[in-house]
2 protein chains.
Amino acid sequence: MPRSTRRRPALAHPETREIDLLDVLHALADPTRMTIVRVLRTEPERACGTFPVDVAPSTLSHHFKVLRESGVIRQREEANRRFSALRATDLEQRFPGLLDTVLAAYARTAAEA
Amino acid sequence: MPRSTRRRPALAHPETREIDLLDVLHALADPTRMTIVRVLRTEPERACGTFPVDVAPSTLSHHFKVLRESGVIRQREEANRRFSALRATDLEQRFPGLLDTVLAAYARTAAEA
DNA sequence: TACGATGTTCGACGAACGACGAAATTGTCG
DNA sequence: CGACAATTTCGTCGTTCGTCGAACATCGTA
């Protein structure tokens, strides 16, 4: 069987203009996913398994899928790793100021605890 | 039985400092509730039954409860009516810029359809 | 006092969600 | 090739969500 056959389907990402605000808000309204986004905010890219969240790998995979399909992150495959990056520019174009404002708001509440 | 006895428990509202960002995001991540907030943005106060949303009264009541308990709106009782108002000032104090940014973002996407 | 208007509470229901473990996929390295 | 590492997919479990209808509470008014 030829190597060129893709077993895994290509990663589905919405176009920038297709990003839905309600989907984004829903994606961000979860502590695990918010943590992921906050980490991604400080680095250009990061492998999935290296996030400081305490959930099973399969659960993490689910959260990445939610973030990806809502348009918050972009994922690319490299070897058997998958790297995630914030779609900061796309989000800024689509919803100016949103990401900064939300992350600033969360930083404020996270500082309380 | 004296009239002063409260039959209905007082409406529960979180203090401004207790408002949780993730709860707010979750509250806003629903089309019906987003519509309510958008309407409330243009008026200081409004009776519950007068919103242009197409759901059953009990469902509407549920959405108001979610908005109230997350700190997005404030409700007060007057006779047998219940008036809702955006907690714009409280939200601005707690999460500066959040409400404006989110509503501006939604307005942008709503204009597409 | 009885009625109607307003709005809530109380189940009930199906759908979606977050979590997990087991199994499968893909690539690297010995 | 075979063991290992990274990650996803699948199936499942229990919870939460959005919705509804029926019943209840409250208030103004005929």
Side-chain angles (χ1 to χ4, degrees), chain A residues 1-13 20 22-37 45-70 72-85, chain B residues 1-13 20 22-37 45-70 72-85:
Chain A
M1 212 176 284
R3 281 276 154 202
S4 58
T5 301
R6 273 206 175 279
R7 260 54 172 285
R8 301 252 195 105
L11 293 174
H13 293 87
D20 184 88
L22 266 35
D23 288 346
V24 171
L25 295 180
H26 171 254
L28 296 178
D30 175 273
T32 300
R33 292 193 291 261
M34 180 60 88
T35 299
I36 292 171
V37 169
E45 204 177 39
R46 186 151 179 160
C48 288
T50 68
F51 285 83
V53 293
D54 195 23
V55 293
S58 54
T59 303
L60 195 52
S61 188
H62 160 70
H63 285 308
F64 278 115
K65 185 180 179 184
V66 172
L67 288 169
R68 173 165 45 81
E69 293 185 345
S70 67
V72 175
I73 68 171
R74 188 178 298 281
Q75 288 187 300
R76 76 177 174 86
E77 297 183 285
E78 183 178 303
N80 58 346
R81 290 224 186 128
R82 193 168 285 191
F83 288 91
S84 300
Chain B
M1 211 178 285
R3 283 275 154 203
S4 57
T5 302
R6 275 206 175 279
R7 261 51 171 289
R8 300 253 195 103
L11 293 173
H13 293 88
D20 184 87
L22 265 35
D23 288 345
V24 171
L25 295 180
H26 171 253
L28 296 178
D30 175 273
T32 300
R33 293 194 290 261
M34 180 60 88
T35 299
I36 292 172
V37 170
E45 204 175 39
R46 187 153 180 158
C48 287
T50 68
F51 286 83
V53 294
D54 194 23
V55 293
S58 54
T59 303
L60 195 51
S61 189
H62 161 71
H63 286 309
F64 278 114
K65 185 179 179 185
V66 172
L67 287 169
R68 173 166 46 81
E69 295 186 343
S70 68
V72 175
I73 68 171
R74 187 177 299 280
Q75 288 187 299
R76 75 178 174 88
E77 297 183 288
E78 182 179 303
N80 58 348
R81 290 225 186 129
R82 193 167 286 190
F83 288 90
S84 300

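Since this is a predicted model, take the numbers as computed values, not measurements. Labels below follow one simple rule: chain letters A, B, ... track the order of the sequence lines, proteins then strands, and each chain is numbered from 1.
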Trainee: The test is side chain to side chain contact (heavy atoms under 4.5 Å, CB included); show your working for A:L25 and B:M34 and say whether it passes.
Mentor: CA-CA 11 Å; A:L25 295 180; B:M34 180 60 88; 4.1 Å; yes

Trainee: With the side chain counted from C-beta on, respond yes when A:L60 and A:I36 share a heavy-atom pair under 4.5 Å apart, and no when they do not.
Mentor: yes

Trainee: Which value, rounded to the nearest 0.5 Å, describes the distance between B:R33 atom CZ and B:I73 atom CD1?
Mentor: 10.5 Å

Trainee: Can you tell me how far P of D:dT7 sits from CZ of A:R76, to the nearest Å?
Mentor: 12 Å

Trainee: Report the distance from atom CG of A:L22 to atom P of C:dC17, rounded to the nearest whole Å.
Mentor: 13 Å

Trainee: Checking contacts here: which listed nucleotide (D:dG21, C:dG7, D:dT8) is nearest the side-chain heavy atoms of A:P57?
Mentor: D:dT8

Trainee: For the salt bridge (Lys or Arg N to Asp or Glu O under 4.0 Å) test, which of B:R76, B:R82, B:R81 pairs with B:E78?
Mentor: B:R76

Trainee: Kindly indicate whether the side chain of B:Q75, heavy atoms from C-beta on, has any atom under 4.5 Å from the side chain of B:C48.
Mentor: yes

Trainee: Hey, does B:E45 have a side-chain heavy atom less than 4.5 Å from the side chain of B:R74?
Mentor: no

Trainee: Would you kindly give the CD1-to-C1' distance between B:I36 and C:dG7, to the nearest whole Å?
Mentor: 13 Å

Trainee: Give a yes or no on whether the backbone of A:P31 and the side-chain of A:T35 come within a donor-acceptor separation of less than 3.5 Å.
Mentor: yes

Trainee: Can you check whether A:R82 has a side-chain N or O nearer than 4.0 Å to OP1 or OP2 of D:dT8?
Mentor: yes

Trainee: B:E77 CD to D:dC27 P: how many Å, rounded?
Mentor: 9 Å

Trainee: Between residues 59-66 of chain B and DNA chain C, which residues have a heavy-atom gap below 4.0 Å?
Mentor: B:S61

Trainee: Picking from C:dG27, C:dT9, D:dC10, which would you name as closest to the side chain of A:N80?
Mentor: C:dG27

Trainee: Is B:R33 near enough to D:dG18 that one of its side-chain N or O atoms lies under 4.0 angstrom from OP1 or OP2?
Mentor: yes

Trainee: Find the distance B:E78:CD to D:dT26:C1' and express it as a whole number of Å.
Mentor: 14 Å

Trainee: Over how many whole Å does the gap from A:M34 atom CE to C:dG18 atom C1' extend?
Mentor: 17 Å

Trainee: Side chains of B:H63 and B:V53: does their closest heavy-atom pair fall under 4.5 Å?
Mentor: no

Trainee: Which residues within residues 25-32 of chain A lie with some heavy atom under 4.0 Å of an atom in DNA chain D?
Mentor: none

Trainee: Taking the side chain of A:S58 as heavy atoms from C-beta outward, which of D:dG21, C:dG7, D:dT9 is closest to it?
Mentor: D:dT9

Trainee: Any idea which of D:dT9, C:dT6, D:dT7 is nearest the B:R81 side chain?
Mentor: C:dT6

Trainee: Just how far, in rounded Å, is C1' of C:dG7 from CD1 of B:I73?
Mentor: 13 Å

Trainee: Evaluate whether atom CZ of A:R46 has more than 12 neighbouring non-hydrogen atoms of other residues, nucleotides or ligands under 6.0 angstrom away.
Mentor: yes

